[in-house]
Protein chains: 2
Amino acid sequence: MAEALFARRGFAGVGMREVADVVGLGKSSLFHHFKTKLHLYGEVIARVLGRIEERVRPALTIDAGPAEKLDRWLDALIDALAEQPATARLLLRSLVEDEDMPPEPTPEIESAERAIESILIGVDGLLRAGIEAGVFRAVSVPHMLQTLIGATVYHFASGEFGDELLGHPLLSTEEVRRRKEAVKSLLHHGLVA
Amino acid sequence: MAEALFARRGFAGVGMREVADVVGLGKSSLFHHFKTKLHLYGEVIARVLGRIEERVRPALTIDAGPAEKLDRWLDALIDALAEQPATARLLLRSLVEDEDMPPEPTPEIESAERAIESILIGVDGLLRAGIEAGVFRAVSVPHMLQTLIGATVYHFASGEFGDELLGHPLLSTEEVRRRKEAVKSLLHHGLVA
DNA sequence: GTCTATACTACGATAGAC
DNA sequence: GTCTATCGTAGTATAGAC
């Protein structure tokens, strides 16, 4: 729906008319469901982030050590990003396009921010626990979080550029498998003590 | 100038009027210098990428081993991204916003693509040489490239989100130093054999 | 809940005077 | 090389009939 449009061209690049056509409504009908364009955008972002949060949450509660938990968390995140092509771009935009957006954020956008926070707090705790247990090296946790986001969200948001770089479609099952292996292997050697 | 505007709001989010005001011209005068908005955008992107390419190129020709070269390359890239706040965002956008852009690309955009290619070929060769020499583990080179882009370009493009995550300004000298250390340390343990 | 019609603003782009 | 004026389109948003 609107997800794919916002993912491709961003908030400013998509018109309400275009969204309305794609969902088979008149433009004014769309304004009946969403008071402003920002409300629509907020709902799209919130939905996407909610989905991601649901997918990665279980990995943090399994009965296993920090290294194994991190592997499962990465598997879940990468699977979620790979299954829906628009998700990573939308997510990356919501991280990078934060400025200029508000005056005051819509409730949906606040819900999206809570989802991001929940995801981050979860893996933040995992990393700290691993470091405390001596399983992980004593790295900077915020910087490691940024690296993880870059290695996953950026990767699956890179679209045609990523396709060309890899020589194969980013979202092909083979390349998704290789991505998981690449990220986990880097962390297994670079993060695990 | 226009760099900061496009970095903040992307191609569609910036109007020619706004750019003209910021450079102290009338809108029509701007169209005299750039036939279309796409030509202006292309020139901005090409200039930014050219600057980056100039900065990172020397690191690949120093007289040192692959691991040391990679360290110098990362230092140069991170310094370049940190010095000009708009650069990383613009670069990330140019990677992620590739679709829908053309019918046919402007000459400036083609020049920008050559700069990207040149940067990538350089570090691609460095990684392959390191693997062949047994200095680096036998990782997937394209996936490592994506990881490097994510760890650097995404990080410095993350703006307010990154500031909050780190708890300090992303571009402060202290956090830039920590970023270099975090990335190089991850690679030293995770990539170097 | 969806429609037509409309208001108003901004957009990219062009023409032509200076 | 910069300006004013203008074109045509599309932008967000609202009012009101059905």
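Keep in mind that what you see is a predicted model, and the values were worked out from it rather than measured. Worth knowing before you read on, the calculation uses all heavy atoms, side chains too, and leaves out hydrogens, waters and symmetry mates.
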Reading nucleotides 2-15 of chain C from 5' to 3' and marking B where a protein heavy atom lies under 4.0 Å of the base, S where only the sugar-phosphate is that close, and - otherwise, the string is BBBB-----SBBBB
Cut-off 3.5 Å, side chains only: do Glu181(A) and His143(B) have a donor facing an acceptor? no
Does any non-hydrogen side-chain atom of Leu91(B) lie less than 4.5 Å from one of Ser94(B)? yes
Going by side chain to side chain donor-acceptor pair (under 3.5 Å), name the residues that satisfy it together with Lys27(B), two or more places apart in sequence or in a different chain. none
Just checking, is any N or O donor in the side chain of Thr36(B) or His39(B) under 3.5 Å from an acceptor N or O on the other one? yes
Excluding sequence neighbours, so at least two apart, what forms salt bridge (Lys or Arg N to Asp or Glu O under 4.0 Å) with Glu164(A)? none
